[in-house]
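Report on the following structure.
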Amino acid sequence: MTKENDMPPTILIVEDVHETRDGMEKLLIADGYRITLARDEQDAIESAQRARPDLILVSLAGLPREVILSARNIRQRARIGELVPVVVFCIEEIGEGEEVAIGRNVYVTRPDNFNQLRSLLARLLSGASIAA
């Protein structure tokens, strides 16, 4: 729950594949999160400005460095600040099941199952970080 109003945390899911976006939304709503959806970088910037998410989860097609740049652009251009964690799904740069901090509150992950993703999101939303 967020401290200000006892509302559950809001997660902005940025995913360009409709079926994946819908599946992630259903699973995270079942976990008690409020969800905002975006299909690309521009949509995510606009959604983040409106929803002021507590965490941004980015899973877009493209080269890993381009997706990471998009994730950072979303946070910067939406002017939501570096305290909002950004989690980037990346299947090429790191091994399955790994989580890597790559900057101030920016993380790259390749979860091997949904429970690992749940654990990462819960840790980041509680204010914890993962080792760089």
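Heavy-atom basis, side chains included; hydrogens, waters and symmetry copies ignored.
L69 and L63 are members of different hydrophobic clusters when ILVMFWY side chains are connected at heavy-atom separations under 4.5 Å. No chain of hydrophobic side-chain contacts below 4.5 Å, direct or via other Ile, Leu, Val, Met, Phe, Trp or Tyr residues, connects L37 to V17.
The distance from atom CD of Q42 to atom CD1 of I74, rounded to the nearest 0.5 Å, is 9.5 Å. Taken from CG in L12 to CZ in R50, the straight-line distance is 9.5 Å, to the nearest 0.5 Å. Of the inter-residue distances, the one linking R34 atom CZ with M7 atom CE reads 4.0 Å to the nearest 0.5 angstrom.
Side chain of D16 to backbone of D40: no donor-acceptor contact under 3.5 angstrom is found. Between the side chain of S47 and the backbone N or O of D43 there is at least one donor-acceptor pair closer than 3.5 Å.
Here the shortest heavy-atom pairing between E15 and S59 reads OE1-OG, 2.7 Å. When all heavy atoms of R123 and S126 are compared, the pair lying nearest together is O-OG, 2.8 Å. The two residues A48 and I80 make their nearest non-hydrogen contact at O-CG2, 4.0 Å.
The salt bridge (Lys or Arg N to Asp or Glu O under 4.0 Å) search around D31 returns R118, not counting sequence neighbours. With sequence neighbours excluded, no residue satisfies salt bridge (Lys or Arg N to Asp or Glu O under 4.0 Å) with E25. Taking the salt bridge (Lys or Arg N to Asp or Glu O under 4.0 Å) definition, one finds that R52 meets it with nothing, sequence neighbours left out.
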Residues L121, I11; criterion side chain to side chain contact (heavy atoms under 4.5 Å, CB included); working and verdict: CA-CA 9 Å; L121 298 179; I11 297 175; 4.1 Å; yes
Criterion side chain to side chain contact (heavy atoms under 4.5 Å, CB included) on L57 and V14, from CA distance to verdict: CA-CA 6 Å; L57 182 58; V14 186; over 6 Å; no
Trace of the side chain to side chain contact (heavy atoms under 4.5 Å, CB included) decision for L55 with L124: CA-CA 8 Å; L55 184 140; L124 293 175; 3.9 Å; yes
Side chain to side chain contact (heavy atoms under 4.5 Å, CB included) between I13 and T36, intermediate numbers included: CA-CA 6 Å; I13 299 173; T36 300; over 6 Å; no
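Within the 4.5 Å cutoff, the side chain of F89 has no heavy atoms near those of the V67 side chain. By the 4.5 Å heavy-atom criterion applied to side chains, N105 and V86 are not counted as neighbours. Looking at L125 and Y33, their side chains come closer than 4.5 Å, going by heavy atoms from C-beta outward.
Across V88, V84, V87, a single residue satisfies side-chain contact (heavy atoms from CB on, under 4.5 Å) together with I56, and that is V84. Of the options R75, R77, R72, a salt bridge (charged side-chain N to carboxylate O under 4.0 Å, His left out) to E41 is made by R77 and by none of the others.
By the 6.0 Å contact criterion, CD on Q76 is open, its count of non-hydrogen atoms from other residues, nucleotides or ligands being 12 or less.
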